[in-house]
Number of protein chains: 2
Amino acid sequence: MSESSNHPSARPIPVLEVFGPTIQGEGMAIGRKTMFVRTAGCDYRCSWCDSKFTWDGSAKDEIRMLSADEIVTELFSIGGDTFDHVTISGGNPLLLPQIALLTQRLHEKNIRIAVETQGSRWQDWLVRIDEVTLSPKPPSSGMETDFEALDDIVSRLREASGRRDLCIKIVIFDEDDLTYARGVHKRYPDIPFILQTGNPQVSHESDDHVASLLNRYEWLIGRLSEFADLKDARALPQLHTLVWGNKRGV
Amino acid sequence: MSESSNHPSARPIPVLEVFGPTIQGEGMAIGRKTMFVRTAGCDYRCSWCDSKFTWDGSAKDEIRMLSADEIVTELFSIGGDTFDHVTISGGNPLLLPQIALLTQRLHEKNIRIAVETQGSRWQDWLVRIDEVTLSPKPPSSGMETDFEALDDIVSRLREASGRRDLCIKIVIFDEDDLTYARGVHKRYPDIPFILQTGNPQVSHESDDHVASLLNRYEWLIGRLSEFADLKDARALPQLHTLVWGNKRGV
Ligand code: SF4
Ligand code: SF4
């Protein structure tokens, strides 16, 4: 090994799930065939987090410390030759400098890479990601956005050479979230902007889950329609939640 | 008027619906806020057409012959200053040379324009459309694709100067449709490719419509997952059908 194992980029990655191929159920690549790698750990504690098991300790026995090469091997052993896209999801993958090596290994195999983060932390490897989704958290999450950190991330990505897709995606539960979202869109007007239906049932599953999600989505479409400052926005549900509810690994 | 009213581009446009703002419920701009203009008339007769009223005579009393300026006025009277995107839908808008003038008027107002067509006919104005969706019809439609016409459209769009988004979208009901779709993707491998869940209930509405659409979508995701020749494809449902069923004007 040319890299010392003490070097951050050679550290193993805490992984909770490797699965697919399935579709990306949300955001700018909605519907796109992809594999998922879900990392453990988050610096946030969103009230409605749909991946609490990545940070609340409930799945800590499932966390595997994997090298970049082990992750790549597992992806190809599950997905064979049927995929060309990997989504690195969390938790917040931006806590992990060692993802640099994983992105390098995936690009060597001509795999396109998507990452989603709330935009609270920077890592240099983010400029090498093909599809970056910044998903700052609205008031209903109970979190407070560090706009200095977000500004910094946005300007670093804007200045970085290379081609990448960038979007901002905000989960909307209520009017306060909408007000917050409009402010974010105004702050970064040139970045493609997506409003996403909130999923209020992340820990249980009622019979009318789909109907309630579609009602929320209809409300969101109605609100989107009305605002002159949201001309070029998109409103999207989470397709995987409509199809599979809160089931993991699909 | 500088153009003679006998000139094709000055002819009025047969319009069935002008509505919005709402979301584009399908395809590459899924979720995007848009206004719709639905034109009358189609050269196809797809078995599962969800817009049969555009060509089967059932809505012929609703057809209005509108000039480009009248359509633009109506769009702004309904949508005010809340939109910057118009989808011209049918029927097959490519039957109508006079849409040239409408695209010109909309672009003068900085409106982005999307058009969907099965790809059976060409009009020169198609090169000026910002988002072109070619939607050739699979075997379940009962129609036969004229691949010479489709090849011609694709190569004209490829050669045309200017920036536009182009995608191919194919409705999938069954395995034969999938086989057809894979052939189309192989024929035009560089064009972004979308598989769309078929809606078998276009004229009535059963209680389990949403569940049945989501089951079909889950099946489609499963099939998409398996094919190595569909690495970079997307599978998407029609969001408006999930939210509103077959209701018109939403
Ligand atoms: S940032 Fe994401 S992973 Fe972290 S707590 Fe919030 S929703 Fe959960
Ligand atoms: S091409 Fe479209 S509008 Fe025409 S019959 Fe087929 S589905 Fe209907």
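Labels below follow one simple rule: chain letters A, B, ... track the order of the sequence lines, proteins then strands, and each chain is numbered from 1. Values reported hereafter were calculated over all heavy atoms of this structure, with side chains retained and with hydrogens, waters and symmetry mates removed.
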Quick one: closest heavy-atom pair of [X] and [Y], and the distance?
| X | Y | answer |
| --- | --- | --- |
| B:Lys231 | A:Arg32 | O-NH1, 3.2 Å |
| A:Trp244 | B:Glu218 | NE1-OE2, 2.9 Å |
| B:Asp81 | A:Ala228 | O-CB, 3.4 Å |
| B:Ser225 | A:Pro21 | OG-O, 2.9 Å |
| B:Met28 | A:Arg234 | O-NH2, 3.7 Å |

For chain A, which of [options] has the most heavy-atom pairs under 4.5 Å?
| options | result |
| --- | --- |
| B:Val210, B:Leu242, B:Leu195, B:Ile23 | B:Ile23 |
| B:Thr22, B:Ile194, B:Val243 | B:Val243 |
| B:Gly222, B:Gly79, B:Ala235, B:Pro237 | B:Ala235 |

So what's closer than 4.5 Å to chain A heavy atoms on [X]: side chain, backbone, both or neither?
| X | answer |
| --- | --- |
| B:Ile30 | both |
| B:Ala233 | backbone |
| B:Ala211 | neither |
| B:Glu226 | backbone |

Residues in side-chain contact (heavy atoms from CB on, under 4.5 Å) contact with A:Phe227, at least two apart in sequence or another chain:
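Partners of A:Phe227 by the side-chain contact (heavy atoms from CB on, under 4.5 Å) criterion, ordered by chain and then number, come out as A:Leu178, A:Arg182, A:Arg223, A:Asp229, A:Leu230.
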
Answer yes or no: is there a side-chain heavy-atom contact under 4.5 Å between B:Tyr217 and A:Leu239?
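B:Tyr217 vs A:Leu239: side chains touch.
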
Heavy-atom pairs under 4.5 Å with chain B are the metric here; pick the option from [options] that has the most.
| options | answer |
| --- | --- |
| A:Gly31, A:Gly20, A:Gly80 | A:Gly31 |
| A:Asp232, A:Leu224, A:Ile221 | A:Asp232 |
| A:His85, A:Arg112, A:Lys33 | A:Lys33 |

